[in-house]
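Please read the structure below before turning to the comments.
All heavy atoms count here, side chains included; hydrogens, waters and symmetry mates do not. Being a predicted model, the structure only gives us computed values, none of them experimental.
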Amino acid sequence: MESLTSNPPQWDQLPCPYCGGKVIYATNARIYHGRIYGNGKCYFCTHYRVSVGVHGKHATRRPLGMIANERMRSLKQACHSLFDPVWRYQPIHRGSCYRMLANKMQINVKQCHFGWFNEEDLARALAILQDPDWWK
C-alpha cells in the first residue's frame with residue numbers, strides 16, 4: 001500500500017485495503033474491548049484487525065490517516081515518541097520539525113504526516129528520528 005499524498009478517504013466508502021472486507025465507522029469501544037478512548041469514534045475492518053481514529057474533540061468522519069495494522073500503529077507510536085519531545089521541549093516549532101523530517105525523507109512537507117505513511121515510510125522516518133540530533 002502506498003503512503004497517502006492527500007487527505008485520506010472516509011474508509012467506510014472503500015473495501016479494506018488489506019483484505020477487501022467491509023470497513024465501518026463506529027464507536028472505538030468495538031476495538032478497545034468495551035472501553036472508549038479520545039472522541040470515541042473510528043473506522044475499522046470487520047474482518048481484519050485494522051483501524052484508524054478520526055479528527056475532532058467531537059468526532060468527525062475525517063480519518064486521522066491510513067487505516068493501520070498493528071505493525072503500523074507500533075511504528076507510528078515509536079515515531080511520535082521520538083518526534084514529539086523535540087517540538088515540545090526544544091526551542092523549535094512543530095512545523096519546523098516536520099519540514100526538517102520531510103527534507104531528510106525527501107518528500108513534500110505537505111505529505112509529512114505519520115498517519116499518512118505506509119509501513120516502509122514509517123520505518124524510514126523512525127530510522128531518521130533515532131538519531132538524537134536529527135532536528136539540528
Return all side-chain donor-acceptor pairs below 3.5 angstrom for residues 90-98, not counting sequence neighbours, or 'none' if the list is empty.
{"from": "S96", "atom 1": "OG", "to": "R99", "atom 2": "NH2", "distance (Å)": "3.1"}

Cut-off 3.5 Å, no hydrogens considered: what does the side-chain donor-acceptor table look like for residues 25-32, sequence neighbours left out?
{"from": "Y25", "atom 1": "OH", "to": "T60", "atom 2": "O", "distance (Å)": "3.0"}
{"from": "T27", "atom 1": "OG1", "to": "A29", "atom 2": "N", "distance (Å)": "3.2"}
{"from": "T27", "atom 1": "OG1", "to": "G40", "atom 2": "O", "distance (Å)": "3.4"}
{"from": "N28", "atom 1": "OD1", "to": "Y37", "atom 2": "N", "distance (Å)": "3.2"}
{"from": "N28", "atom 1": "ND2", "to": "Y37", "atom 2": "O", "distance (Å)": "2.7"}

For residues 117-124, please give each side-chain donor-acceptor pair under 3.5 Å, one per line with the distance, not counting sequence neighbours.
{"from": "N118", "atom 1": "OD1", "to": "S3", "atom 2": "OG", "distance (Å)": "3.4"}
{"from": "N118", "atom 1": "OD1", "to": "E120", "atom 2": "N", "distance (Å)": "3.1"}
{"from": "N118", "atom 1": "OD1", "to": "D121", "atom 2": "N", "distance (Å)": "2.8"}
{"from": "N118", "atom 1": "ND2", "to": "M1", "atom 2": "O", "distance (Å)": "2.9"}
{"from": "E119", "atom 1": "OE2", "to": "N69", "atom 2": "ND2", "distance (Å)": "3.1"}
{"from": "D121", "atom 1": "OD1", "to": "R124", "atom 2": "NH1", "distance (Å)": "2.9"}
{"from": "D121", "atom 1": "OD2", "to": "S3", "atom 2": "OG", "distance (Å)": "2.4"}
{"from": "R124", "atom 1": "NH2", "to": "M105", "atom 2": "O", "distance (Å)": "2.4"}

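Placement of I24 and Y48 in two distinct hydrophobic clusters is found when ILVMFWY residues are connected by side-chain heavy-atom separations under 4.5 Å, directly or transitively. A continuous path of Ile, Leu, Val, Met, Phe, Trp and Tyr side chains, each step under 4.5 Å between heavy atoms, connects V109 with W87, placing both in one hydrophobic cluster. Both V54 and W11 are members of a single hydrophobic cluster when ILVMFWY side chains are connected at heavy-atom separations under 4.5 Å.
Separating the OG atom in S51 from the CE atom in M72 is a distance of 10.5 Å, to the nearest 0.5 Å. A distance of 11.0 Å separates NE2 of H113 from CG of L101, quoted to the nearest 0.5 Å. Between atom CD1 of residue I128 and atom SG of residue C79 there is a gap of 9.0 Å, rounded to the nearest 0.5 Å.
When every heavy atom of C19 is checked against every heavy atom of C45, the shortest pair comes out as SG-SG, 3.6 Å. Residues W116 and T5 share a closest heavy-atom pair of CZ3-C, 3.7 Å. For M66 against K76, the heavy-atom pair with the smallest separation is O-NZ, 3.8 Å. The two residues G65 and L4 have their closest heavy-atom pair at C-CD1, 4.0 Å. In terms of heavy atoms, F114 sits closest to A125 at CE2-CB, 4.1 Å. Residues G20 and P15 approach most closely at O-CB, 3.6 Å, considering heavy atoms.
Just one residue in the list L14, V23, L64 forms a side chain to side chain contact (heavy atoms under 4.5 Å, CB included) with Y43, and that residue is V23.
With ring centers used as reference points, W135 lies 6.0 Å or more from F83.
In this view, K57 satisfies the salt bridge (Lys or Arg N to Asp or Glu O under 4.0 Å) rule with no residue, not counting sequence neighbours. Under the rule for a salt bridge (Lys or Arg N to Asp or Glu O under 4.0 Å), D131 has no partner lying at least two apart in sequence or in another chain. In terms of the ring-ring contact (aromatic ring centres under 6.0 Å, His included) criterion, H55 has no residue partners (sequence neighbours excluded).
Within 6.0 Å of the CZ atom in R61, the count of heavy atoms belonging to other residues, nucleotides or ligands exceeds 12.
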